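Working notes for the structure below.
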Amino acid sequence: LVTMAVGPLLTALVARVAIGHRIAPRTWAAIVAAGGGIAWMYADQVAGGHVAGTLVAFAVPVAGAINWTIAQRAHAHGDDVDLVPAVLVGAALSSLYTLPLALPFQASAHDLGLLAFLGLTQLAIPCALAVVCARVLAAPELSLLALLEVIFGIALAWWGAGEAPGPTVLAGGALVIGALVANEALGWRQTT
């Protein structure tokens, strides 16, 4: 989750280079502030030497930056492509790819219920909303909003598994949420 937090910076840079998208100073400020909050949260992990998984996970924000930029470019050219079916195809391919890892099936009915709930509320609905929002929001703003997954992921691990975050995680998370709220509030004020 924390590695995904570099997504806004990557998206802003890809959108700037690929489609010449100008980024509002408020969005740059939010990206820098949120990045600082994520770095603050992540400093303990890096100091502990846990880097290999992070490098693999770096593919997520890179793919996200490319995805948001392509969606933004298509919209700018009048091609409002409905990407909601792509979410279904991606879920089906992921399921097929990971099926061998799930064998032998040993999940209880309770576990299956939890998995179905998470699949719907954590994956299907947010992904569908993201591709719909890609039609109206700028790519860097979409990527900034995606940082909420980092915060909620940490909160759910705390609430659901008892993994209490330390003070650096709480402070960094507050900085990320503050940056997101400030960016959206300033953007809303400019449009009204």
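No experiment lies behind these values; they were computed from the predicted model shown.
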If you group Ile, Leu, Val, Met, Phe, Trp and Tyr whenever their side-chain heavy atoms sit less than 4.5 Å apart, what else falls in with [X]?
X: L101; value: none
X: L93; value: V89
X: I125; value: L120, L129
X: L96; value: none

In chain order, what residues pass the side-chain contact (heavy atoms from CB on, under 4.5 Å) check against [X], with sequence neighbours excluded?
X: W28; result: L9, A12, L13, I23, I31
X: A24; result: R26, T27
X: L118; result: Q122
X: A174; result: none

(message) I19 and side-chain contact (heavy atoms from CB on, under 4.5 Å): which single residue from T69, I70, V14 fits?
(response)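 Result for side-chain contact (heavy atoms from CB on, under 4.5 Å) with I19: T69.
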(message) Considering only residues two or more places apart or on different chains, which pairs with a residue in residues 94-106 satisfy side chain to side chain donor-acceptor pair (under 3.5 Å)?
(response)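 Qualifying pairs: none.
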Please report, to 0.1 Å, the donor-acceptor pairs under 3.5 Å made by any side chain of residues 57-64, with sequence neighbours excluded.
none

